[in-house]
Amino acid sequence: MNRVYNFSAGPACLPLEVLMEASSEMCDYRGSGMSVMEMSHRSSLFQDIIDEAEADLGKLLSIPENYKVLFLQGGASQQFAAVPMNLMKNKVADYIVTGQWAKKAAKEAEKYGRVNVVASSADKTFSYIPDCSDLDIDKDSDYVYICENNTIYGTKFKKLPNTKGKDLVADVSSCFLSEPVNVSDYGLMFAGAQKNVGPAGVVIAVIREDLIRDDIPDYVPTMLKYKTQADAGSMYNTPPCYGIYICGKVFKHLLKEGGLSAMKEKNERKAKLLYDYLDESDMFSNPVAKDSRSMMNVTFVTGNEDLDKEFVKAAAGRGLVNLKGHRTVGGMRASIYNAMPYEGVEALISFMKEFEKEHR
Ligand SMILES: *Cc1c(COP(=O)(O)O)cnc(C)c1O
């Protein structure tokens, strides 16, 4: 086996221990004589898998009683429509646009109601998080929307916006389970699993129960109605069984590693190592405002596009893969999610130093 350090933004690396365990159960899950992919989602074996996944996530996030966990499909992008469809009661919402994912979400929401962009960092190519302490929140607004960690630009809200009493809806795809959060600060948070918790094809939503409403427009597809999914225990139809099973294993792994405060500590150490190096390097720099830096996605550039390309290629040759920045911004990006070991970041920095020396 020849594992690489995979810095992909998503689908991203998963803990080796989880992959090994899954592989040992691949052909015969706990004496059932079949894999989890082959078993009925109505079986008690699978019911146990999804129930345990939900309970373990509850422990990790200390999810309060009045919140529900939903395992959904369609990627985080599907939620860009599901959110306004389910939550726009007054047909007004306030969006904070800090990158492409939030922009896409705002654009999708415009199909269902009035969208106010109350803050944006588009003026400086999304390289910072705007001050959100006193926004012009509409009095009729149904919710305030953010993308909490901007995967493409490498920025993160260090402080949640002041929503002036409105419910906060957050796309937490790329920071989910990277550190402890206070669930009750959110009306709804959702995350595509493939960034930090499992395989693509699963979206996890944590939603306050009173937002799971029945009085929503008739045109809303049955599958996209949170109430349908909540009433059916995320099994209105066949759920992404195998993906949920892997997510469950990742939750158990995180609990065993000490939960989210241990993750935070580990992630802070990794991010500090990399940012400190970027700050002292003569060749590489991080283009993001210091107070907005993401702990999960670290972007950097040399200032020379050809050199960037050469770096990405040479790094791959050393088993440091997927360091190319998002196609829309260029440069480099190292995604250092939970499953990226400290040694992976050390290896990256050591290669960057070597590259810097050679190309001085
Ligand atoms: C990756 C990503 C998405 C899109 O996820 P899909 O599952 O591909 O739809 C949305 N938001 C954020 C913050 C992301 O990182």
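One-based numbering, in listed order, for ligands and for the atoms of each.
Tyr95 and Tyr143 have perpendicular rings, their planes meeting at more than 60° on a 0 to 90° scale where under 30° would count as parallel. The aromatic rings of Phe80 and Tyr145 stand perpendicular to each other, their planes meeting at an angle above 60°, with 30° marking the opposite boundary.
In the model, His253 has no side-chain atom that pairs as donor or acceptor with a side-chain atom of Glu21 under 3.5 Å. In this structure, a donor-acceptor pair under 3.5 Å is present between the side chains of Asp308 and Thr302.
Here the shortest heavy-atom distance to atom 9 (O) of ligand 1, taken over Ser77, Ala193, Gly192, Ala102, belongs to Ser77. When the heavy atoms of His326, Lys195, Gln100 are ranked by distance to atom 1 (C) of ligand 1, first place goes to Lys195. Among Gly99, Cys175, Ala76, the residue whose heavy atom sits closest to atom 5 (O) of ligand 1 is Ala76.
Residue Cys147 touches ligand 1 through its side chain alone, judged by heavy-atom distances below 4.0 Å.
No N or O atom of Gln78 sits closer than 3.5 Å to an N or O atom of ligand 1. In terms of N/O distances under 3.5 Å, ligand 1 is not approached by Asn149.
Applying the under-4.5 Å side-chain rule to Ile, Leu, Val, Met, Phe, Trp and Tyr, the cluster around Tyr128 consists of that residue alone.
Atoms of ligand 1 found under 4.0 Å from any heavy atom of Thr151, numbered from 1 in the order shown, are 12 (C), 13 (C), 14 (C), 15 (O). The Ser173 neighbourhood of ligand 1 comprises atoms 11 (N), 12 (C), 13 (C), 14 (C), 15 (O), with distances under 4.0 Å to a heavy atom of that residue. Under a 4.0 Å criterion applied to the non-hydrogen atoms of Gly75, ligand 1 contributes the atoms 7 (O), 9 (O).
Contact analysis leaves Gly10 out of contact with ligand 1, as no non-hydrogen atom separation drops below 4.0 angstrom. Using a non-hydrogen distance threshold of 4.0 Å, Lys104 does not register as a contact of ligand 1.
Between atom OG of residue Ser178 and atom NZ of residue Lys266 there is a gap of 12.0 Å, rounded to the nearest 0.5 Å.
Remark: minimum distance from atom 8 (O) of ligand 1 to any protein heavy atom is reached at Gln194 NE2, 3.5 Å. Closest to atom 11 (N) of ligand 1, if we only count protein heavy atoms, is Asp171 OD2, 2.6 Å.
Between Asp167 and Arg208 there is a salt bridge, since a side-chain N of the basic residue sits under 4.0 Å from a carboxylate O of the acidic one.
Between Phe46 and Tyr245, a ring centre-to-centre spacing not shorter than 6.0 Å is recorded.
Under the 4.5 Å side-chain heavy-atom criterion for Ile, Leu, Val, Met, Phe, Trp and Tyr, Leu60 and Ile204 are members of the same hydrophobic cluster.
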